[in-house]
Amino acid sequence: MCGIIGYIGNREAQAILFNCMSRLEYRGYDSCGIAIGGKNIHSIKNKGRVIELQENAPRIEGTLGIGHTRWATHGTPNAVNAHPHFDCHGKIAVVHNGIITNYLQLIRKLKNKGHEFVSETDSELIPHLIEEYYCGDLQDAVEKALDEIEGTLAIIVLKEDIEELIASRRNSPLVIGIAENEVFVASDVPAIVEFTNKIVYLEDGDTARISKDKIRIKRNEVTITPVINEINVTKTEIEKNGFDHFMLKEIREEPEIIEQSLDMLTNEKNIDEYRQVIREVSDISIIGCGTSYHAGLVGKYIIEEALGIPVRVELASELNHRHRMIIPDLTIAITQSGETADVLVPLKKLHQCQAHTTVITNVYGSTASRISDSVLYTHAGPEISVAATKTFIAQLLELYKITFYSSIIDTDSRMYAHKELMCISEKVKQMLENDVQFQRCGEFLSEHNEVFFIGRGINFPIALEGALKLKEISYIHAEGYAGGEIKHGPFALLDENTPVIALLTRDGTRDAMISNIKEIQARKSPVIVISDSQDKDIDGITDAVITVPQVPYLFSPIVNTIAVQLIAYYGAKFKGCPIDNPRNLAKTVTVE
Ligand code: F6R
């Protein structure tokens, strides 16, 4: 969940580290720190955001250093618990992303040997352990220390008087970026894309010894030649480009993402990839967390309706603790980041059982992509805002494609779906132009403390997603419910101060939904209907109507999602919340 960065080159490290750390903040932003190497190591750290540290920092000279943005796991966010952490003599500095599970035992052992600890973190033991093993070769000491550590980690190590960085990863992401006489190490590519597009992906267990003109990677005791990938993320993709927030920019990118996703279908090789995913299978399981889980729930409706194959959707975080794992013919894991620990654990178990897995992810080279039988990349570009928006739409597109391009669907259904999907991006563009209706709704919700979202059928997951989005960025308590379920308990909470957002679609659920809306109105709750048509059926039973374009029922989650994303965005904006970095959250959740 934390972000780590390392730099070695000819330029002043301090400014570069701060720049990269500000791009890593979406991974954690409760405290941060840097250490600059050279003859001695100088470090500054603080509670709060990178910009605050940067504005108050003295100039530290040096052309190599490490930095960290933290999402607290062990110990409250403060300057002492912030990274980098040091050994007893302040000669070895370490930044760490991950969790050490045997930390109590290791700290006890180190204390018995005379090591003194200043923080409440698990990470602090790493430099102390390296110090114990150090006999003139830093890489060797790091490797020996890592042999004793259990848990997840990505680390970068800096030692005084040594012009090298040592980096290593185990179940936490780490990439190396190479430029002319300078090298970057980072938790992800967007952090360093301004400086280089030449990327080396480290694998689990790798240790890299890095100087400004040489990288030596040790994998399974052998030094390997690094494979350099030229990636095509541009700086504009990681800038706000005039938008107030990344979240709005990312929602506005959705029509283009839909177009790009469908463009993939003009290439026979890509189509073949989709044909291969669902073939002769008798059952499918979809796993994911949070927003990705909601995409999975939509996937169930799409696949079951179009292909008639039963689909079980599981919260990956729950699956991890089952005594018995039921293995389906195909498991589809959905994870935007590809690094969510709750998804990786069952995925690894499935892999060990030789179960067939496909991953839908947005991050090239992510851990999930490397432990599955096949990968579908969503190609949504970097998503910086903590709340997932465009990646959710891109995940839905992948689910439509694997269904309607599967080798078992009939040609008519495929052609119909293709034709309809091709029209959606234009409709979404028009909908985005009529922004005022979402702003008004957001403003109204911002004045309330409790909100319900309801939907039926394929739009029930969108009610869940709307509630999740609103609560995470506006801190308004929101619940998503199936339209028919709200009378089975939640009715007790309804009153004139509890708005209900109802998703109403022209499909088989419409009449039942209208009845639900009337029942809610009778309890005096304000009802705002998101509808694909405005007619006499809903006259007089709603307080406001938000219109979305009419699309076939199976594709309605796309337009309804964008509507609830915008409502949540404006709700948070009217409340003045820090939309892109909500409190307590982080984009990539690498702890269970
Ligand atoms: C909500 C959100 C989270 C993620 C969840 C899973 O806006 O982003 O609920 O969906 O943490 O993350 P991934 O998809 O990276 O596995």
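In each ligand, atom 1 is the first atom listed, and ligand 1 is the first ligand listed.
- Residue pairs meeting the ring-ring contact (aromatic ring centres under 6.0 Å, His included) criterion with at least one member in residues 562-592, sequence neighbours excluded: His245-Tyr569.
- Electrostatic pairing of Asp204 and Arg169 counts as a salt bridge here, judged by a charged N lying under 4.0 Å from a carboxylate O.
- To the nearest 0.5 Å, atom CG of residue Leu376 and atom OG1 of residue Thr378 are 9.5 Å apart.
- Taking NZ from Lys469 and CG from Leu464, the interatomic distance works out to 11.5 Å, rounded to the nearest 0.5 Å.
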Per-pair distances, 0.1 Å, donor-acceptor, side chain in residues 343-354, under 3.5 Å, sequence neighbours excluded:
unit_1: Lys348; atom_1: NZ; unit_2: Asn171; atom_2: OD1; d: 2.4
unit_1: Lys349; atom_1: NZ; unit_2: Asn320; atom_2: O; d: 3.1
unit_1: His351; atom_1: ND1; unit_2: Ile371; atom_2: O; d: 3.4

Under a 3.5 Å threshold, I'd like every N/O contact between ligand 1 and protein atoms, with atom names and distance.
unit_1: ligand 1; atom_1: 7 (O); unit_2: Thr291; atom_2: OG1; d: 3.4
unit_1: ligand 1; atom_1: 7 (O); unit_2: Ala388; atom_2: N; d: 2.9
unit_1: ligand 1; atom_1: 7 (O); unit_2: Lys469; atom_2: NZ; d: 2.7
unit_1: ligand 1; atom_1: 7 (O); unit_2: Glu472; atom_2: OE1; d: 3.4
unit_1: ligand 1; atom_1: 7 (O); unit_2: Glu472; atom_2: OE2; d: 2.4
unit_1: ligand 1; atom_1: 8 (O); unit_2: Ala388; atom_2: N; d: 3.4
unit_1: ligand 1; atom_1: 9 (O); unit_2: Thr291; atom_2: N; d: 3.2
unit_1: ligand 1; atom_1: 10 (O); unit_2: Thr291; atom_2: N; d: 3.1
unit_1: ligand 1; atom_1: 12 (O); unit_2: Thr340; atom_2: OG1; d: 3.4
unit_1: ligand 1; atom_1: 14 (O); unit_2: Ser292; atom_2: OG; d: 2.6
unit_1: ligand 1; atom_1: 14 (O); unit_2: Gln336; atom_2: N; d: 2.7
unit_1: ligand 1; atom_1: 15 (O); unit_2: Gln336; atom_2: NE2; d: 3.4
unit_1: ligand 1; atom_1: 15 (O); unit_2: Ser337; atom_2: N; d: 2.9
unit_1: ligand 1; atom_1: 15 (O); unit_2: Ser337; atom_2: OG; d: 2.7
unit_1: ligand 1; atom_1: 15 (O); unit_2: Thr340; atom_2: OG1; d: 3.2
unit_1: ligand 1; atom_1: 16 (O); unit_2: Thr335; atom_2: OG1; d: 2.7
unit_1: ligand 1; atom_1: 16 (O); unit_2: Thr340; atom_2: OG1; d: 2.5

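- Within the structure, salt bridge (Lys or Arg N to Asp or Glu O under 4.0 Å) pairs that include any residue of residues 563-589 comprise Asp244-Lys573, Glu383-Lys587 (at least two apart or interchain).
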